[in-house]
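Lettering of chains follows the sequences in order, A, B, ..., and the numbering in each one begins at 1. Worth saying up front: this structure is predicted, and the values here are computed from it rather than measured. Just the heavy atoms: all of them, side chains too, but no hydrogens, waters or symmetry mates, feed the values below.
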Amino acid sequence: MALARPESLSVGQVVEVLTFQAGYNTNAVLAGSAMLGLSAGVVGVFALLRKRSLVADAIGHATLPGIVIAFLVAVALGGSGRSLPVLLLGAAASGALSVLCIFAILRFTRLREDAAIGIVLGVFFGLGVVLLSYVQRPENVGASPAGLHHFIYGQTAAMRAGDAMLMGGIALGAILAMLILFKELALTSFNDEFARVAGYPVGVLDGVMLALVVLVTVAGLQAVGLILVIALLIIPPVAARLWTDRLPLLVVFAGGLGALSGFVGAAASALLPRTPAGSVIVLCGGAVFVVSLLAAPRHGVVAVGGRRALQRLRIAGEHMLEAAYEHVVTRRHETVVPARTVRAMERLWGWPVWLGPMVLAGLRRRGFVSRVEGGYELTPSGVERGARIARNHRLWEQYLQAYADVAPGHVDWSADMVEHVLSPELVAELEAAIARAAGTPA
Amino acid sequence: MTLSPALDLFPLAAAVLAALSCGLLGNFLVLRRLSLMGDAMSHSVLPGLVIAFMITGVRTAPVMFIGATLAGVATVVLVELIKRLGRVEPGAAMGVVFSVMFAFGVLLIERAARNTDLDASCVLHGQLESLAWTTDAPASWVGVFDVATLAATPPQVWTLALTVGLTIVLVVFLYKELRLAAFDPAMATAQGFNASVLHYVLMVFVAGATVASFEAVGSILVIAMLIVPAATARLLTDRLLPQILVSVVVAIGAAVVGYAGSIGVPLLAGKREVNAAGSITLALAGLLVLAALLGPRYGVLATAVRRARLRRTVALEDLLGSLYRQEERGVLPRTIDERVVRRARGRGFVRRDELALTDDGRAEAAALVRRHRLWESYLVERAGLAADHVHVTAEQLEHLPSAMPPDADGSDPHGRPIPPA
């Protein structure tokens with residue numbers, strides 16, 4: 001590593017690393033990690049949409065026996081067993097074999113996907129551990145297996161410019177493959193039955209998608225290790241999913257978040273002492289996920305919570321207007337609601353003390369009520385609104401009574417929507433029924 | 001090759017005990033499609049182990065156990081939380097939680113617990129072999145049932161024994177509830193006990209079994225032990241109790257065979273022993289493959305034999321049916337497979353000298369055609385299908401001797417007479 005790892009940090013160092021001025025090797029690591037994150041994010045989107053996220057987990061674990069067997073074969077053929085391409089080829093082969101095993105279990109037994117993944121994961125890794133324990137005794141093999149261990153936890157700092165270029169190539173290849181097959185992959189991801197009927201080779205597309213997962217996994221072995229590479233395939237797509245519902249954007253977001261995690265994680269690892277880059281990269285991914293979970297505009301916790309709170313306030317306001325209309329306007333022919341009546345309503349509904357003032361403030365802001373001496377007065381638009389809510393409420397009740405078996409499908413609609421949900425004829429019929437119930441001719 | 005008590009008693013005991021507790025719990029995980037919870041748990045307890053060590057500074061079994069179990073429970077809670085808050089698919093939620101926790105654990109080891117023997121790789125691979133006898137070892141297997149043995153038992157084996165005991169208590173006392181929750185959680189809730197509380201109880205046990213097995217056998221074996229015995233048993237039986245019993249036998253058998261194999265098989269090639277936990281995993285895989293191939297009902301072989309037999313029966317019956325209809329209205333069958341004809345002649349259904357039914361063959365064919373036409377009548381009269389739509393269905397149903405159409409006389413919907421029984 002070009003950078004000496006200091007115990008304290010200066011702003012200058014941080015800027016230096018982040019702007020690619022910290023030396024050739026550091027730049028290679030940063031670029032390589034970012035590329036890895038990018039390709040993993042893009043490929044992972046389709047794995048996520050196909051509910052195959054954990055297949056990546058099995059593939060990651062399943063690379064271990066391939067690495068050790070490749071080492072054994074290389075040694076048997078007279079090499080040192082340290083050739084990176086040979087080891088990665090072995091990893092890819094056993095990763096691909098693990099996918100075939102999962103499909104074989106699903107095809108020929110009655111076990112379900114979770115069990116198939118777990119079995120393949122455990123058994124392949126077990127085989128890897130057995131083989132590793134075999135080669136780790138020098139008298140067994142006659143060559144040092146030093147370095148094989150790095151594949152388990154990864155060793156980002158050992159990344160060289162060539163590796164970074166390889167990673168970039170893989171990212172580019174994955175993105176190209178995805179652009180070419182975008183329509184097909186999209187259709188398969190969202191509705192594989194339809195894709196099959198429409199004549200798409202779903203099996204081949206799944207194969208391509210999983211081959212890309214294997215490719216990214218193998219590419220990530222050296223950087224983050226075989227257990228953590230799966231995090232890069234899972235976390236960015238899941239985080240991106242919180243930001244958008246549209247597939248093209250989803251791919252862009254997942255790639256971007258993955259690249260960000262890889263870049264920032266590698267930079268942090270380069271700057272801080274004793275921080276294994278694989279872990280830091282994954283933890284950056286975790287941080288990105290937490291931020292997304294909280295802050296994403298549509299599906300984030302804050303946004304969903306805010307929407308729910310607003311909805312609750314709006315509904316409470318409608319209750320208030322409806323009650324005011326029914327009990328004050330229609331019964332007493334007044335438009336002023338005394339403050340104590342308001343308090344009585346709040347007690348009746350069991351509102352917490354802070355809710356009433358907030359609701360009233362909202363109603364005033366929207367011009368439905370105004371403050372007067374000793375209470376609140378409904379404005380003409382407030383009266384109209386209250387009448388409308390009251391009428392909708394009745395309609396809805398009538399509808400539920402008459403059409404109880406179809407109604408549950410419509411319960412999500414608020415009273416506002418009743419007229420839009422139900423046909424005009426049905427609304428007329430329900431109004432007639434209400435009028436009959438009230439004893440007045442329709 | 002012989003196993004010696006001094007070297008092998010405690011590793012073997014640990015392997016068998018771990019196999020037992022994981023194998024028992026795995027049945028409920030596999031049924032509830034939670035197989036990968038063990039995988040998630042075994043990765044995510046790592047930070048629990050490290051933090052417990054950092055707080056207490058000791059590495060004794062109870063401390064590690066508490067730390068890891070808390071981490072295991074945290075995993076379950078976080079997965080549920082992410083699933084609910086982000087509407088994330090369960091598998092992906094699990095992947096997010098355990099990979100981040102594992103990364104955190106590796107980072108903690110690197111930064112804070114570097115100079116201890118808390119090594120991530122031993123957590124992964126297990127150190128069964130290190131559970132060797134420390135004091136005076138008995139020379140033969142007869143001597144192991146001795147007070148001295150109990151006194152020398154390593155704490156890991158005690159922890160495992162306790163876990164097995166608690167697991168058996170859980171399964172025996174909550175058998176009915178676990179069974180119902182495994183097959184139909186909604187029904188379980190409707191019947192008045194809380195399936196999600198049961199879920200957490202089960203998860204605490206899985207976390208406990210994972211952790212107890214950890215130090216002895218490593219996380220890989222835990223993952224395999226939780227899933228493979230139950231999956232193997234699932235291929236052999238449909239009922240829960242036999243499944244549990246089979247899974248226990250598979251787990252114990254694989255533990256013994258795998259452990260012995262880890263020493264014996266390399267020895268055959270003149271090499272030193274290999275990792276025992278991994279070998280047990282391979283033994284488990286071998287048993288699973290055997291069950292998948294040879295299982296009496298769901299095995300690949302049994303299914304293939306059943307299919308081939310059915311294919312032969314259908315071909316033979318189709319030939320008889322064609323010949324019967326030929327006699328009836330003089331239409332020659334379009335294609336004749338020589339092998340099917342030979343088989344029909346061998347059974348005495350078709351005459352040797354020409355392609356025509358014998359008396360036996362005619363009786364057999366009449367019964368078949370009767371079934372076909374009865375089905376057609378039934379499908380038209382009772383199931384309300386149109387007369388020109390029933391042939392294909394009847395063609396399939398006629399070959400199933402267990403499904404008999406209701407009796408009737410007269411003619412089928414196409415006006416052909418139904419042969420008498």
What option among B:Gly38, B:Gly95, B:Ala224 has the most heavy-atom pairs under 4.5 Å with chain A? B:Gly95

One option among B:Leu235, B:Leu29, B:Leu284 has the most heavy-atom pairs under 4.5 Å with chain A, and it is B:Leu235

What part of B:Leu282 gets within 4.5 angstrom of chain A, counting heavy atoms only: side chain, backbone, both, or neither? side chain

Qualifying residues under side-chain contact (heavy atoms from CB on, under 4.5 Å), relative to B:Val305, sequence neighbours excluded: B:Arg309

Under 4.5 Å heavy-atom distance to chain B, tell me which part of A:Val123 shows up: side chain, backbone, both or neither. both

Scan the side chains in residues 112-122 of chain A for donor-acceptor partners under 3.5 Å anywhere in the protein, sequence neighbours excluded, and list what turns up.
residue: A:Asp114; atom: OD2; partner: B:Leu34; partner atom: N; Å: 3.3
residue: A:Asp114; atom: OD2; partner: B:Ser35; partner atom: N; Å: 3.0
residue: A:Asp114; atom: OD2; partner: B:Ser35; partner atom: OG; Å: 2.8

Taking all non-hydrogen atoms of both residues, which atom of B:Arg297 and which atom of B:Thr303 are closest, and how far apart? O-OG1, 4.2 Å

Which class fits the ring pair B:His43 and B:Phe98: parallel under 30°, tilted 30 to 60°, perpendicular over 60°? parallel

Select all residues of residues 75-84 of chain B having any heavy atom within less than 4.5 Å of some heavy atom of chain A, and report them by number, or 'none'. B:Ile82

Applying a strict 4.5 Å limit to non-hydrogen atoms, the region of B:Val96 in contact with chain A is both

At their closest point, which heavy atom of A:Ala62 faces which heavy atom of A:Ser94, and how far apart are they? O-OG, 2.6 Å

Using a cut-off of under 4.5 Å on heavy-atom pairs, state which of B:Gly299, B:Gly91, B:Gly26 scores highest against chain A. B:Gly91

Decide if atom OH of A:Tyr134 counts as having more than 12 heavy atoms of other residues, nucleotides or ligands within a radius under 6.0 Å. yes

Toward chain B, the part of A:Ile230 with a non-hydrogen atom under 4.5 Å: side chain

Carboxylate-amine/guanidinium contact A:Asp245 A:Arg241, below 4.0 Å: yes

Name the option with the most non-hydrogen atom pairs under 4.5 Å to chain B; the candidates are A:Leu48, A:Leu233, A:Val238. A:Val238

B:Arg306, CZ: over 12 other non-hydrogen atoms inside 6.0 angstrom: yes

For a quick test of your reading: what N or O donor-acceptor pairs under 3.5 Å do the side chains of residues 277-290 of chain A make, sequence neighbours left out?
residue: A:Ser279; atom: OG; partner: B:Ala103; partner atom: O; Å: 3.4

Candidate pair B:Asp238 and A:Arg110, rule salt bridge (charged side-chain N to carboxylate O under 4.0 Å, His left out), full reasoning: CA-CA 11 Å; B:Asp238 284 322; A:Arg110 64 206 202 104; 2.7 Å; yes

